[in-house]
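Notes to accompany the following structure.
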Amino acid sequence: MLNRAWNRLTGRILVAVGMIIALTVLAACGATAPTDSAEPATDSPVPAQPAASSSGDPAPTAVPAQAGAPQTADQGIYGGIVPMHDYAFPNLIFHPHEFSNQTKNISGIYNGLLEYDAETDDPYDITGDLAESWELQADGVTYVFHLHQNATWHDGTPVTAEDVVYSMDSLVNTEANRPQTLIIAPYFSPGNARVIDTNTVEIKTNNPAPDFIPMIAADAFKMMSKAWGESEVDTSKWENGMGSGPFLPTSLEKDVSMSLERNPNYWKEGLPYIDGSIHYYIADKGTAIGSYRTGQVLMTTWPVTNLSNTEILELQESEAETLDVYLIPNTSLLGTLINTTIEPFNDVRVRRALHLAVDRSEFREIFGGGIAPVGTPLPPDTWFGRTEAEALELPGFRSSPDGGKHQGDLEEAKRLLAEAGVEEGFEVNIMARTAVEYVDLAQLLADQLRRNLGWDTTVQPIDSATGITRYKEQDYQIAAQGTALLVGEPDPIIGKIFMPGGLWIQWSGWEAPQKFLDLFAAQSQELDRTKRAAILREMEDFMLNEDPGPLLVYYWSFRDQIVNKKIQNYHMPASIWVQLKHERIWCDPEC
Amino acid sequence: MNTYVIKRFMLFVPTLLLVTLMVFALMRLVPGDPAELLLMGFEGDGQYSAQQLADLRAKLGTDRPLAIQYLDWIWGMLRGDFGVSMYFDTPIAEDLGAKLPITLELAALALLLAFVVAMPLGVVSAVRQDTIADYASRIIAIAGVAMPTFWIGILVVYFLVTWFDWLPPLGYADLWEDPWRNLQQMVFPAIALGFYNMALIARVTRSSMLEVFREDYIRTARSKGLRERAIIIRHALKNAFLPILTISGWQIGRLIAGTVVIETIFLVPGMGRLLVDSILHRDYTMIQSIVMVIAFMVLALNLVVDLLYAWLDPRIRYE
């Protein structure tokens, strides 16, 4: 009996071998139709007639769609679900003001008061979103915003000035988790917004604040319904997302994807063009590159990937016919955070020596694709920074004629270290969280410090969570660290990376000198751009010549937005936290 | 036999208890407060007050003594309550219910593929010893054993993209709702996952077959004039199967562990990927539950394999 069973089993195994091999081949052959594979898992909704505008809005550039197949318009084409790539699945808290890394997922659900114009080539062009217009009063601190009269929430109720006041107070609510939006707290205090009439709101800043408008135009500053916010609804749940934006939240599959679909009653006539988007979570670099190459994803959800600048440039080169890569400068940086509470890094001479000894060109070449702007304290080639050419003549940034590290800088670094009592062979441990390129950056830094200063360096890779805990306990010497910035204006940059309370600086223990703080305050309130630039130059000189602070910047990293050429009307954004609503993009050919 | 089975079941409890202790202790030894990580967010840029932190610790239960936390967890599991994910704030049982079948499907498919490729490969290699077929099969087997699973996974992705301009479709398709799409998504991770097992099984099959071929009863079978196919399948392979089964038994644990990497590379939303994410998020409750499920499965499968010995080889008795 056992023999019969055995014989039957072996026969079945042989049949199974054949079937599985055949299925495997068939599965691979199914690959010849990549467009099928790029289809979203959910059914795409039928394009609906856009809601008629009751206001005097400018005429839309597109012809409204008929139900059914995508329709071609003068400029835009309706229809299609855009599959997008994101590299990490977020937590499940989707309150519009809570977590900065959720902005990419929720931006399409909400509108801001203002937004960065997604249809112009000037990335810093700001336009109204819920606000039809706005003006700054003669006192220099009072802004009056006039809201679109036809703007409605997803539940059909109108957007009012009361909602804006409620939202502004929520954005700076210190009792709640507001990692990104509290950046405006120095300028705006709760209670400083008031209703003028149903569609007019007045917002006062504490001081003249030239960066206030550029900051609140970013996608993190979303308006939410007061009635919804004060209701019993759990506003942090994905399915409860209720804004006034072009998309509605639909399915969410943990670890896999989340989907948005077109708001059929969107108050902006003719928008959005696409039927929706699916945000797929692809953590593995190779799989992400493969997904772009095979057209399974058509763009990144926001200009952040887990690929280095160099990998992005290689992808762009190999897929030049199908992919556009937008390299967004000056909105993030990579460098080293120094713990200034411990010896010898509490000595400014040691920090200055580090600044002089690091070979930034090598970092730029290896990790920045050779094109990333050099890491001066303020980003070069901006209205408030030096030119790149000027920067490359500065001590610490210049090279020797043969392209290596400038000998004068190395000698000065060694002199400063000797003065501070730090000898060759000094043991330093570089903490590197296993996130983005930190471990690789730390390896190169370790090598440079060995070569240039004779230090005995080790690299300690640790997982991100442990690293953050050690930061908080100031249990590190130096650490590879980068950061992304809200927008490329002086206050968001300096405020985040050098001012007390800034994200990483708080864990360095650095106490900013009074002169530095005074200069920051002065530039922050200076409305004349030329005068402001002069103050900023003085700040930068202070950092270059006196106290470089606790963050050694290698280079100002590009953030990368990968966009398939099927996606039309995409314009380069000013930072990673703007133009994330995607209401003006369309697919041609169809997605 | 019955005594043996009872003894094995009795060993289950202390082994599992030891696993619970190790998992619980190890997770607490690693720096990182889940409440802080939750408040700080993935980018580490969250702001919060001391009161918010205290409230969240109380909600998560991490402010209680470790012994109480441990006993509470064990008591919950005994009642079938795995608790709530610290990071996602969702019932763990729901997540496990959704993810476990996916991982099991992947592991089963990998094992099936490993067997159906390895057995013929090993048999051919033994039957055609020291021929080109033998050398080729041994090269494949050695390569499979030498290459780590994650590397095979990366190579599979690379070749699919480079040769076929294709990758498995994104977005998980359920086996019962869309079997074709599901197969497209599962076959390649299963190949990558099962490659090592295939290589190992092929090597064991070959050596085991060669050993059996030297036995007297094979010579007797040949002298009786039995066809070679019958000798190989009915007599040799059946008797060579015991070591293959042994090796497969303890490979199952490795296979399930391998899903952690492979699921991440191939975007399979199974338990392995959930485990990786949970470790990153310090989701203690989720990690503990997943490890317990895996430990339980490995122990159970090992027991099943042990019991199968007796069924396959009547000479084996456990008394």
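Here the structure is a predicted model, which means the values were calculated and not measured. Letters A, B, ... mirror the listed sequences (proteins, then strands); counts begin at 1. For the numbers below, each heavy atom of this structure counts, side chains included, while hydrogens, waters and symmetry mates do not.
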Here the gap from Leu170(B) atom CG to His85(A) atom NE2, rounded to the nearest 0.5 Å, amounts to 9.5 Å

Any non-hydrogen side-chain atom of Glu36(B) less than 4.5 Å from a side-chain atom of Ile468(A)?
no

Flag if over 12 foreign heavy atoms under 6.0 Å of OH, Tyr158(B)
no

Find out whether Leu267(B) and Ile282(A) are in side-chain contact, i.e. whether some heavy atom of one side chain is under 4.5 Å from a heavy atom of the other.
yes

Nearest 0.5 Å, please: how far is CZ in Phe89(A) from CZ in Phe88(B)?
5.5 Å

Using side-chain heavy atoms (C-beta onward) and a distance below 4.5 Å, is Tyr281(A) in contact with Arg273(B)?
yes

Evaluation steps, side chain to side chain contact (heavy atoms under 4.5 Å, CB included), between Thr294(A) and Val161(B)
CA-CA 7 Å; Thr294(A) 55; Val161(B) 172; 4.3 Å; yes

Enter the distance from Asp277(B):CG to Asn91(A):CG here, rounded to the nearest 0.5 Å.
12.0 Å

Crowded around Arg28(B) CZ? As in, over 12 foreign heavy atoms under 6.0 Å?
yes

Which value, rounded to the nearest 0.5 Å, describes the distance between Gln51(B) atom CD and Glu175(A) atom CD?
9.5 Å

For Asp255(A), which atoms come within 4.5 Å of any heavy atom of chain B: side chain, backbone, both, or neither?
both

Which bit of Asp178(B) is near chain A, if near means a heavy-atom gap under 4.5 Å: side chain, backbone, both or neither?
neither

Heavy-atom closest contact (Pro269(B) atom, Val256(A) atom, distance):
CB-CG2, 3.2 Å

Does Lys254(A) come within less than 4.0 Å of Asp95(B), counting only side-chain N to carboxylate O?
yes

Is Thr466(A) close to chain B through its backbone or its side chain, or both, or neither, when contacts mean heavy atoms under 4.5 Å?
both

Side chains of Thr287(A) and Phe266(B) in contact at under 4.5 Å (non-hydrogen atoms):
no

Would the distance check show the side chain of Gln296(A) and the main-chain N or O of Leu167(B) forming a donor-acceptor pair, the cut-off being under 3.5 Å?
yes

Under 4.5 Å from any heavy atom of chain B - which part of Thr434(A):
neither

